[in-house]
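Reckoned from all heavy atoms, side chains included, excluding hydrogens, waters and symmetry mates.
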Amino acid sequence: MAGSDTVVPAAPDTVKILIAGGFGVGKTTMVGSVSEIAPLRTEESLTSAGLGIDDLDGIEDKKATTVALDFGRITISDELVLYLFGTPGQQRFWFMWNDLAIGALGAVVLIDVRRPEASFAAVDFFERRGIPFVVGVNGFHGKHPYPPEDIREAFALPAHVPVLLCDARERGSCRDVLIALIDQVIAAAA
C-alpha cells in the first residue's frame, strides 16, 4: 500500500545441510536430537520384504527405516536458518541422494564403527561431487573403540576432512559436528 510505514522483514538466508551415511548409522537420530522443531520423518517399519536385502548385522534391534528423508531446522539468527536433510540409508533408495544434494552447502557423513562398510559409499558420493563434508563417528552407547586417526586411515580421508567422535543422541555432540561442518564449508569457500 502506498504511503504505508509498515516494514516487511526480509526472509532469512537458508543453508541446506545433508546428514548422510549408510543404513542404520544414526541419521534420523541426529536430525531429531539437534532440530529445534519436531523433525519430519518418513520412517516405515522394517518388514519381511526387506529380508535378504537390508543387512541388519550389528543392528538387529532396528525396527524402522527412513524411506525418503528426514527434515529438521536450526535457527541461528533472524538472518540465518540451517535446514537439515537426512538421507535414506538403504542402497535401493540412494537414487534420491542426487536430488537431496542439489543446493547443499555441505554434509555430515555418519559412520557406525560396528559397520563401517555401510558408509564408504557416502564418503565417495560427496568426494565425487566436491561437496564439503565432515565425518561424524557415531559412538553407539557412548562407545568409541577407534580414535579419529584410525577412522581417517581406514576411509583414506584427506587431511582437510575433519573426523569427529560424536553421539547422535546428544544435542551438544551433534551441534559440535555441525559447527565443524560450517567451518569446513567456510574454509572450502575461501
Please report the closest heavy-atom contact between [X] and [Y], naming both atoms and the distance.
X      : Y      : result
Ala101 : Leu18  : CA-CD1, 3.6 Å
Ser119 : Gly22  : OG-N, 3.4 Å
Phe133 : Leu181 : CA-CD1, 4.0 Å
His144 : Val137 : NE2-O, 3.2 Å
Asn138 : Ala168 : OD1-N, 2.9 Å
Gly21  : Trp97  : O-CZ2, 3.7 Å

Ignoring hydrogens and geometry, is there a side-chain-to-backbone donor-acceptor pair from Lys16 to Leu100 under 3.5 Å? yes
Do the non-hydrogen side-chain atoms of Cys166 and Leu110 ever get within less than 4.5 Å of each other? yes
With a 4.5 Å limit on heavy-atom distance, are the side chains of Ser173 and Asp176 in contact? no
Residues that Tyr146 engages under ring pair (Phe, Tyr, Trp, His ring centres under 6.0 Å), provided they are two or more places apart: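 Counting only residues at least two positions away or on another chain, Tyr146 forms no ring pair (Phe, Tyr, Trp, His ring centres under 6.0 Å).
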Pairs touching residues 166-190 that satisfy ring-ring contact (aromatic ring centres under 6.0 Å, His included), sequence neighbours left out: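 For residues 166-190: none.
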Write out all pairs satisfying ring-ring contact (aromatic ring centres under 6.0 Å, His included) with one or both partners inside residues 148-190, taking only residues at least two apart or from two chains. Phe120-Phe155
The criterion is side chain to side chain contact (heavy atoms under 4.5 Å, CB included); which residues satisfy it with [X], sequence neighbours excluded?
X      : value
Leu80  : Asp13, Val15, Ile76, Ser77
Asp183 : Ile179
Ile37  : Ser35, Phe71, Arg73
Leu164 : Val134, Pro162, Val177, Ala180

Tell me every residue that passes side-chain hydrogen bond (donor to acceptor under 3.5 Å, both in side chains) with Arg175, counting only those two or more places apart in sequence or in another chain.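 Counting only residues at least two positions away or on another chain, Arg175 forms no side-chain hydrogen bond (donor to acceptor under 3.5 Å, both in side chains).
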Just to verify, what does Thr14 make a side-chain hydrogen bond (donor to acceptor under 3.5 Å, both in side chains) with, not counting sequence neighbours? none
Verify the neighbour count for atom CG of Asp78: are there more than 12 heavy atoms of other residues, nucleotides or ligands below 6.0 Å?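 No, because the 6.0 Å sphere around CG of Asp78 holds 12 heavy atoms or fewer from other groups.
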Would you sort out whether Ile17 and Ile182 count as a side-chain contact (heavy atoms from CB on, under 4.5 Å), showing the intermediate values? CA-CA 9 Å; Ile17 302 294; Ile182 297 302; 4.3 Å; yes
Quick one: salt bridge (charged side-chain N to carboxylate O under 4.0 Å, His left out) partners of Arg129, sequence neighbours excluded?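 Applying salt bridge (charged side-chain N to carboxylate O under 4.0 Å, His left out) to Arg129 gives none.
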Report the distance from atom OG1 of Thr28 to atom CG of Asp70, rounding to the nearest 0.5 Å.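 One gets 3.5 Å once the value is rounded to the nearest 0.5 Å.
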Not counting sequence neighbours, list each pair that qualifies as a salt bridge (Lys or Arg N to Asp or Glu O under 4.0 Å) and has a residue in residues 153-172. Asp167-Arg169
